[in-house]
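Here the structure comes first, spelled out in structure tokens, and everything after it is commentary.
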Amino acid sequence: EIMPSLVGSEMCIRDRYMHTCLIWFYKEPKRFTGGDLTFTQSKQTVECKHNRMILFPSYYMHEVVNINMKKNHTNKGLGRYCLTHFYNKK
């Protein structure tokens with residue numbers, strides 16, 4: 001199933017999915033700052049580390065810290081990549 005776009009909408013992931021799984025990747029050494037995951041209600045932050053996976057209930061409100069990178073590293077595939085899985089209630 002293709003997930004509808006979340007841009008400009010208030011669709012709640014928690015209504016459709018039970019768990020969210022994130023896996024972070026980047027080329028080492030890390031050439032950017034930011035990209036950490038923050039759970040907004042508890043104010044807990046999970047550091048973005050290469051090959052790290054985190055699984056959490058989809059109803060947890062969260063956001064990602066902005067990524068900053070030196071100009072000479074941009075457009076070279078040296079940023080943060082995140083593979084995202086949503087696990088259905090069924």
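Since the model is a prediction, treat every value here as computed from it, not as a measurement. Computed from heavy atoms alone, side chains included, the values below leave out hydrogens, waters and symmetry copies.
When hydrophobic residues (I, L, V, M, F, W, Y) are linked wherever their side-chain heavy atoms come within less than 4.5 Å, the members clustered with Ile23 are Phe25, Met53, Tyr81, Leu83.
In this structure Thr45 satisfies the side-chain hydrogen bond (donor to acceptor under 3.5 Å, both in side chains) test together with Thr38, sequence neighbours excluded.
With rounding to the nearest 0.5 angstrom, the OG1 atom of Thr20 is 8.0 Å from the CG atom of Leu55. The structure places CD of Gln41 at 11.5 Å from NE2 of His62, a figure rounded to the nearest 0.5 Å. Taking CG from Leu22 and OG1 from Thr84, the interatomic distance works out to 5.0 Å, rounded to the nearest 0.5 Å. Summarising the geometry, atom CG belonging to Leu78 is positioned 12.0 Å from atom CD belonging to Glu28; distances are rounded to the nearest 0.5 Å. Asn75 CG to Met69 CE: the interatomic distance, rounded to the nearest 0.5 Å, is 9.0 Å.
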Starting from the C-alpha separation in whole Å, work towards a yes-or-no answer on side chain to side chain contact (heavy atoms under 4.5 Å, CB included) for Val46 and Asp36.
CA-CA 6 Å; Val46 179; Asp36 300 333; over 6 Å; no

Would you please test Met61 and Phe39 for side chain to side chain contact (heavy atoms under 4.5 Å, CB included) and show each step?
CA-CA 6 Å; Met61 301 301 290; Phe39 293 105; over 6 Å; no

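The closest donor-acceptor contact from the side chain of His19 to the backbone of Phe56 lies at 3.5 Å or more, if one exists at all. A donor-acceptor pair is defined here as one N or O able to donate and one able to accept, closer than 3.5 Å; such a pair exists between the side chain of Tyr26 and the backbone of His50. Looking at Arg52, its side chain never comes within 3.5 Å of a backbone N or O of Trp24 through a donor-acceptor pair. The backbone N or O of Cys48 sits less than 3.5 Å from a side-chain atom of Lys30, completing a donor-acceptor pair.
The environment of CG in Asn72 is crowded: more than 12 heavy-atom neighbours from other residues, nucleotides or ligands sit within 6.0 Å.
Cluster annotation: Ile54 and Ile67 are assigned to distinct hydrophobic clusters (Ile/Leu/Val/Met/Phe/Trp/Tyr, side-chain heavy-atom contacts under 4.5 Å, transitive).
At a threshold of 4.5 Å between non-hydrogen side-chain atoms, the residues Arg80 and Val64 count as touching. Side-chain atoms of His85 and Tyr87, non-hydrogen and from C-beta on, do get closer than 4.5 Å to each other.
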